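When reading the values below, keep in mind they use all heavy atoms of this one structure, side chains included, and skip hydrogens, waters and symmetry mates. Counting convention: from 1, in listed order, for ligands and their atoms alike. As the structure is a computational prediction, the values presented were derived from the model and not from experiment.
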Amino acid sequence: MSDTIERVKCLIIGSGPAGYTAAIYASRANMFPVLYQGMQPGGQLTTTNDVENFPGYPDGITGPEMMIELQKQAQRFGTDVRDGWITKVDFTGPVHKVWVNETTEIHADTIIISTGASAKYLGLESEQKYLNLGGGVSACAVCDGFFYRNQEVVIVGAGDSACEEAHYLSKLCKKVTMLVRRDVFRASVIMENRVRNTENIEILFNTETEEVLGDGQVVTGVRVKNNLTGATHDIPATGFFVAIGHKPNTDIFKGWLDMDETGYIINKPGTAHTNVPGVFVSGDAADHVYRQAITAAGTGCMAALDAERYLAAVESEHTVAS
Ligand code: NDP
């Protein structure tokens, strides 16, 4: 190996709650972790306004503040937090190779993947505007639904997530209007029936979003279009929820790690192990079901503990062999 290639015990990829929790545990276990923050330092929580459901914050905390606190906590124990984007990996041998920004090669004994997932959005200018303003566009009903208690909201999507989120919102909100772009649901029948049988959920089939309406600061409604008739109308709403799927940020691991058809990495049940020894996964990169900051943090802890045990086993094998 060339002298110029850095060798690390533990490389953590991603800087959401999973990555930073893994970093806290790994640094306290003397694994000297190096954490690469990726394209969106802080992860999905940086686009969330208030986090009120993470235990330990009785008054809530903003997503960006929480990520700064997590970063500080990881650095306090010695995590080396770096800017950079992992662009390529090679998991052929016992030493795992990664390339940062296509150029710098690093060799790692263990890797913890915490690259998360990205919510898909419609891509409308008005949607992005109110999303960036924190003014009423959200891709997570469990995170943000509480802010719309007794209000009217619109949700777009017709899969299991949209049904689950619409049902969740129906318990908090006065009215939920669900926009389904075709004349059928994609969701399982049981989920579809649940929304169909909920009194305060109105389902509009063959309906697409034309524009998210607002006063420049917050959402005030949604302009929708019937794609059969071309007719448009405005629906008053203070919240616009997008539930059209997530994309796990796992493209660079394709061909190396076992994944499901959407690209979620498959972990060995009850552990953070992937199919490659020494490579672990935590957070939303492996979770399409729970997708919460607290569950991501929990699996980040699991990944660090599994990595520590893996290293200890490898080191003891070397000791016995020598
Ligand atoms: P899906 O891909 O299953 O569904 C996405 C939905 O969004 C589809 O109805 C799709 O419409 C719609 N959509 C996509 N793009 C647009 C757009 N531009 N405008 C309007 N609508 C759009 O994603 P989910 O997140 O719902 O589910 C992902 C996986 O997770 C699935 O396998 C699901 O079963 C699973 N899941 C399971 C749960 C459970 O079991 N409790 C809960 C949540 C998810 P169209 O149908 O027309 O393509």
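Rounding to the nearest 0.5 Å places OG1 of Thr207 at 10.5 Å from CG of Asp183.
For atom 28 (C) of ligand 1, the nearest protein heavy atom lies 4.0 Å or farther away. Closer than 4.0 Å to atom 43 (C) of ligand 1 lies at least one heavy atom of the protein. For atom 47 (O) of ligand 1, the nearest protein heavy atom lies closer than 4.0 Å. Within the 4.0 angstrom cut-off, atom 9 (O) of ligand 1 has one or more protein heavy-atom neighbours.
At a 3.5 angstrom cut-off on N or O pairs, Arg182 counts as close to ligand 1.
Annotation: atom 38 (C) of ligand 1 to nearest protein heavy atom, Asp160 CB, 3.8 Å. The protein heavy-atom contact nearest to atom 26 (O) of ligand 1 is Ser161 N, 2.9 Å.
With sequence neighbours excluded, the residues satisfying ring-ring contact (aromatic ring centres under 6.0 Å, His included) with Phe241 are Tyr148.
When Val242, Leu122, Ile244 are ranked by how near their heavy atoms come to atom 14 (C) of ligand 1, first place goes to Ile244. Nearest to atom 15 (N) of ligand 1 by heavy atom, out of Met191, Lys120, His288, Arg181, is Arg181. For atom 1 (P) of ligand 1, the nearest non-hydrogen atom from the set Arg291, Glu164, Arg186, Glu261 comes from Arg186.
In this structure, the ring of Phe146 has its center no less than 6.0 angstrom from the ring center of Tyr168.
Taking 4.0 Å as the cut-off between side-chain N and carboxylate O, Glu6 and Arg82 count as a salt-bridged pair.
The contact set between ligand 1 and Gly245, taken as ligand atoms under 4.0 Å from a residue heavy atom, comprises 23 (O), 25 (O).
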